[in-house]
**Q** 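Following this message is one structure expressed as structure tokens.
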Amino acid sequence: MKKLSLVTTFLLMGISCFAQTTKLPTPDMKRQTISVMETYKQRKSVREYSAKALSEQDLSDLLWAAQGQNREDGHLTSPTAMNRQEIRLYVFTEKSVSLYDPQANTLTQVASGDHRGIMASGQDFVKNAPVVLLMVADMDKFRSNNQHAQWMVAVDTGIVCENINLFCSAAGLCTVPRGTMDSKAISTLLGLNDNQIPLINNPVGYPSK
């Protein structure tokens with residue numbers, strides 16, 4: 001019994017060390033950006049990025065714009081069908097992979113190391129982006145997996161993606177929405193089940209010049 005207790009303790013310690021949670025800076029609601037119409041005018045897909053890491057404030061503002069909590073009742077910047085909030089947002093960097101928590105405004109590490117290669121899946125420019133955002137549709141959280149549910153989840157994913165695109169346009173960042181990725185390797189890395197589906201990713205960085 002004592003041996004079992006010690007083993008359990010060490011396992012819990014290992015899990016605790018692995019699942020590091022980082023509190024992000026409060027999103028800057030007074031951030032100065034270009035106008036809404038200029039944002040649409042400037043929006044474009046960019047595949048070249050500076051190697052400079054995103055600042056913590058820029059990352060926090062980006063994630064909040066993508067699907068952060070914008071009301072005290074827990075609703076998000078990105079609407080979802082029946083408010084299921086079924087889109088998981090993962091952040092890939094050269095150091096780790098983390099899961100964004102919109103309510104707590106935190107990142108919880110789910111894997112260590114640089115895994116941008118499985119996001120690139122042969123398109124090497126992706127590995128130069130300091131951040132790659134991955135949207136995973138959680139059909140379990142949506143509570144249905146029929147064809148209509150799959151359509152609605154695809155729409156919800158696209159909304160998060162477009163929030164990312166428009167924030168980058170407004171804030172002077174660069175991005176491109178992509179469907180290319182090694183979904184099998186991603187599912188293995190993140191421990192996803194068959195109902196948790198990687199759908200879209202956005203490399204994000206500062207302009208290369």
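All values reported here derive from a predicted model rather than from experimental measurement.
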**Q** With Arg178, which residues qualify under salt bridge (charged side-chain N to carboxylate O under 4.0 Å, His left out), at least two apart?
**A**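 In terms of salt bridge (charged side-chain N to carboxylate O under 4.0 Å, His left out), with neighbours along the sequence ignored, Arg178 is linked to no residue.
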
**Q** Partners of Glu56 by side-chain hydrogen bond (donor to acceptor under 3.5 Å, both in side chains), sequence neighbours excluded?
**A** none

**Q** Which atom names give the shortest non-hydrogen contact between Tyr206 and Ala53, and what distance separates them?
**A** CE1-O, 3.4 Å

**Q** So, the side chain of Ser60 versus the backbone of Pro25: is there a donor-acceptor pair under 3.5 Å, distance only?
**A**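 It does hold such a pair.
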
**Q** Compare every heavy atom of Tyr49 with every heavy atom of Pro130, then report the nearest pair and how far apart it is.
**A**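 Reported closest heavy-atom pair: CD-CB, 4.4 Å.
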
**Q** Can I get a per-line list of side-chain donor-acceptor pairs under 3.5 Å for residues 67-74, giving both atom names and the distance, sequence neighbours left out?
**A**
from: Gln67; atom 1: NE2; to: Ile87; atom 2: O; distance (Å): 3.2
from: Gln69; atom 1: NE2; to: Arg71; atom 2: O; distance (Å): 3.0
from: Arg71; atom 1: NH2; to: Leu76; atom 2: O; distance (Å): 3.1
from: Asp73; atom 1: OD1; to: His75; atom 2: N; distance (Å): 3.1
from: Asp73; atom 1: OD1; to: His75; atom 2: ND1; distance (Å): 2.8
from: Asp73; atom 1: OD2; to: His75; atom 2: ND1; distance (Å): 3.1

**Q** What pairs of residues pass the salt bridge (Lys or Arg N to Asp or Glu O under 4.0 Å) test when at least one of them lies in residues 102-114, not counting sequence neighbours?
**A** Asp114-Arg116

**Q** Shortest non-hydrogen contact from Tyr100 to Leu107?
**A**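 Looking at all heavy atoms of both residues, the closest pair is CA-CD2, 3.8 Å.
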
**Q** May I ask you to decide if Ser98's main-chain N or O and Thr108's side chain share a donor-acceptor pair within less than 3.5 Å?
**A**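 Here the side-chain-to-backbone pair does not exist.
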
**Q** Show the nearest heavy-atom pair for residues Ser112 and Gln109, with the distance to one decimal.
**A**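 For Ser112 versus Gln109, the nearest heavy atoms are CB-NE2, 3.5 Å.
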
**Q** For Thr175, what residues pass the side-chain hydrogen bond (donor to acceptor under 3.5 Å, both in side chains) criterion, not counting sequence neighbours?
**A** Asn202

**Q** Is it true that the side chains of Gln57 and Asp61 contain a donor and an acceptor less than 3.5 Å apart?
**A** yes

**Q** Let me have the donor-acceptor pairs involving side chains of residues 184-191, under 3.5 Å, with sequence neighbours excluded, atom names and distances please.
**A**
from: Ser187; atom 1: OG; to: Ser183; atom 2: O; distance (Å): 3.0
from: Thr188; atom 1: OG1; to: Lys184; atom 2: O; distance (Å): 3.1

**Q** Does anything in residues 153-163 form a side chain to side chain donor-acceptor pair (under 3.5 Å)? List the pairs, not counting sequence neighbours.
**A** Glu162-Asn165

**Q** Using the test salt bridge (charged side-chain N to carboxylate O under 4.0 Å, His left out), find all partners of Asp58 that sit at least two apart in sequence or belong to another chain.
**A** Arg31

**Q** Which pairs with one or both residues in residues 77-103 pass salt bridge (Lys or Arg N to Asp or Glu O under 4.0 Å), sequence neighbours excluded?
**A**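 Only Arg88-Asp138 qualify under salt bridge (Lys or Arg N to Asp or Glu O under 4.0 Å).
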
**Q** Please list, chain by chain and in numerical order, all residues satisfying salt bridge (charged side-chain N to carboxylate O under 4.0 Å, His left out) with Asp124, sequence neighbours excluded.
**A**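 Only Lys127 meet the salt bridge (charged side-chain N to carboxylate O under 4.0 Å, His left out) criterion with Asp124.
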
**Q** Are more than 12 heavy atoms, taken from residues, nucleotides or ligands other than Lys23, located less than 6.0 Å from that residue's NZ atom?
**A** yes

**Q** Could you list the residues that satisfy side-chain hydrogen bond (donor to acceptor under 3.5 Å, both in side chains) with Thr26, not counting sequence neighbours?
**A** none

**Q** Among all residues two or more places apart in sequence or in another chain, which pass the salt bridge (charged side-chain N to carboxylate O under 4.0 Å, His left out) test with Asp28?
**A** none

**Q** May I ask you to check whether over 12 heavy atoms, not counting those of Glu48, lie within 6.0 Å of atom CD?
**A**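 It does not: Glu48 CD has 12 such atoms or fewer within range.
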
